[in-house]
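Here is the structure we will look at, set down as C-alpha cells.
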Amino acid sequence: MTPRLRFAPSPTGYLHVGGARTALFNWLYARRHGGAFILRIEDTDVARSQAEMVTGILDGLRWLGIDWDEGPEIGGPHAPYFQSERLERYRAAARALLDSGQAFEDGGAIRFKVPPGKTAFTDRVHGPIEFDNEHIESFVILRSDTHPTYHLSVVVDDIDMAITHVVRGDDHISNTPKQVLLYHAFGKTPPSFAHVPLIMGPDKQRLSKRHGATSVMEYEKQGYIPEAMFNFLALLGWGTGSNDELFTRDELIQQFNLDGISGGNAVFNVEKLDWFNHQHLVRLSDDEIVARLRGARLDAWGLGTDTRSASMLALLRPRCKKLTDLPDQLRPFFEDPAAYDADAIKKQLSLPGCADHLRALRGSYEQVEWSEAALERALRELADARTIKAGLLIHGTRIAMTGRMVSPGLFEMLIVLGRDTVLRRLDRLAAFL
Ligand code: GLU
C-alpha cells in the first residue's frame with residue numbers, strides 16, 4: 001500500500017519550528033517510500049480570514065522545500081483541503097453515528113458513546129499503549145453550533161483522505177484513544193501512529209518565544225539557510241544511530257525511518273543550528289550564494305559569477321555563519337572605508353610615525369610583485385628596516401583596507417583588492433592619521 005501522510009496545521013499565521021519538524025518527518029517518510037504528502041488546513045475554529053492565516057504556513061513550508069502532493073493551491077482527489085469547507089462531511093458522519101446508536105444527543109450537541117473495554121494501539125515511537133475506556137468520557141463530536149470537534153474532523157478527514165501514517169507531536173497521545181474509538185465506530189482500521197517527542201528549550205521547558213524565535217521564517221530573516229534548518233529540524237528527535245549529523249535533503253530522504261525517532265524530548269539548541277548553517281553555507285556553490293544574496297546593494301556592487309567575485313567568496317566563505325553576514329563582509333571589496341574605527345586607530349596606530357610607516361609601505365607596494373608571498377615579505381622587510389613590529393604594519397594595513405580590525409586573511413585580501421585600491425587606501429589612512 002502506498003503510504004499517505006499529512007500535515008494538518010491549525011492556521012496560526014506562521015509556521016513554528018515544532019510544526020515544521022512534524023511536517024518534515026511526515027514529508028520525509030512519504031518521499032522515502034514514494035508515497036503522498038497531503039497538506040490539510042484545520043481551520044474549523046478560526047474566525048479570521050483564512051487566506052491570510054494560511055499564507056505564513058505555506059511560505060514556511062516552501063522555504064524549507066517541503067512540497068505537497070495534495071492540498072491548498074493545488075487541490076487533489078480529496079478536495080477541499082480546508083476543514084472549514086468540509087463541515088457537511090462532519091455533520092453527516094456525526095449523524096451516521098447517531099443513526100447507528102454509537103452517539104447520542106445531549107443539549108444540542110452530539111456525543112460519542114464510549115463502549116466498555118480497553119482501547120489499544122501500537123505507537124511506532126512509544127510501543128504498545130492501552131487506555132481503559134472507563135477513563136474516557138463520552139466526548140462531544142459535534143457541538144451545538146453544528147461545528148465538529150477536533151476528534152471528529154481529524155478522523156473523518158484521515159479516513160476520507162486514506163491516510164496511512166500519522167506522525168505528530170507527543171501532546172496528541174492522550175487524544176489518540178478517542179480517535180481510535182471513532183475509527184472503530186466507522187468500521188475502519190486506524191492508521192499507524194508515531195508520536196514525536198516535543199521540542200524543548202535548553203532549560204528543558206517546552207519551546208516558546210522566551211527561548212528566541214519560534215517562527216521558521218524568522219530564522220530566514222536572521223540569515224539562516226533552508227538546507228541548514230531542514231537538517232537541524234530533521235535531527236530534533238530523530239537520528240541514524242550513527243554520529244553523522246550533516247545531511248543533504250536527499251540523504252535525509254534516503255535514510256529517514258520512523259524507528260530512528262527517539263522517545264526522549266529533543267532540545268532546540270541555537271548554537272547547533274549555527275553550526276549547521278555554517279556547514280551548509282560553506283557547501284553552497286558561488287552561484288547559489290550570489291543568487292540568494294541578490295538585492296539592490298549587491299547588484300550595485302556587481303557581485304556576480306566572475307573570477308573576482310569567486311575569489312572574494314572563497315575568502316569569506318570559511319568565516320561566514322549567516323547569509324546576512326556576507327554583505328557587511330563584502331563591503332571592503334567594493335567600497336573604500338567610509339570611516340575608521342576610532343578604537344582600532346587608538347589601539348594600533350597612536351604612536352608617532354605611523355603615517356610615515358604606512359607611506360613607506362605604500363612606496364614598497366608600488367613596485368612589489370603582486371603575490372601574497374611577495375607582499376608579506378616586503379612588509380616584514382620594511383618593518384625590520386625601520387625597527388618596528390610587523391604587527392603595526394599589518395594592523396595599519398587592515399584598518400586602511402576595511403576601516404576596522406577585522407578582515408579575512410590580509411594578504412589574500414590585498415591580492416583580490418588589487419594594487420591601485422591598496423595604494424589608494426594606504427594613502428587615505430596615512431593622510432587621516
Ligand atoms: N490541527 C492539529 C494540530 O495542529 C492536528 C493534529 C493532528 O495531527 O492530528 O495540532
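For ligands, and for the atoms within them, numbers begin at 1 and follow the listed sequence.
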Distance-only donor-acceptor hits, side chain of residues 390-401, under 3.5 Å, sequence neighbours excluded:
from, atom 1, to, atom 2, distance (Å)
Thr397, OG1, Leu393, O, 2.6
Arg398, NE, Ser407, OG, 2.9

Original post:
Which protein residues have a heavy atom closer than 4.0 Å to any atom of ligand 1, listed by chain and number?
Top reply: Arg6, Ala8, Ser10, Glu42, Tyr150, Val154, Arg168, His172
**OP:** Mark yes or no: Arg249 above the aromatic ring of Phe230, with NZ or CZ under 6.0 Å from the six-membered ring centre and no more than 45 degrees from the axis.
**Re:** yes
Original post:
Looking at Phe104, is Lys113 sitting on its ring face, NZ or CZ under 6.0 Å from the six-membered ring centre and within 45 degrees of the normal?
Top reply: no
Original post:
Between Phe232 and Tyr224, is the gap from one ring center to the other below 6.0 Å?
Top reply: no
Original post:
Quick one: side-chain hydrogen bond (donor to acceptor under 3.5 Å, both in side chains) pairs with a partner in residues 262-272, sequence neighbours left out?
Top reply: Glu245-Lys272
**OP:** Check ring-ring contact (aromatic ring centres under 6.0 Å, His included) between Phe121 and all other residues, then give those that pass, not counting sequence neighbours.
**Re:** Phe193
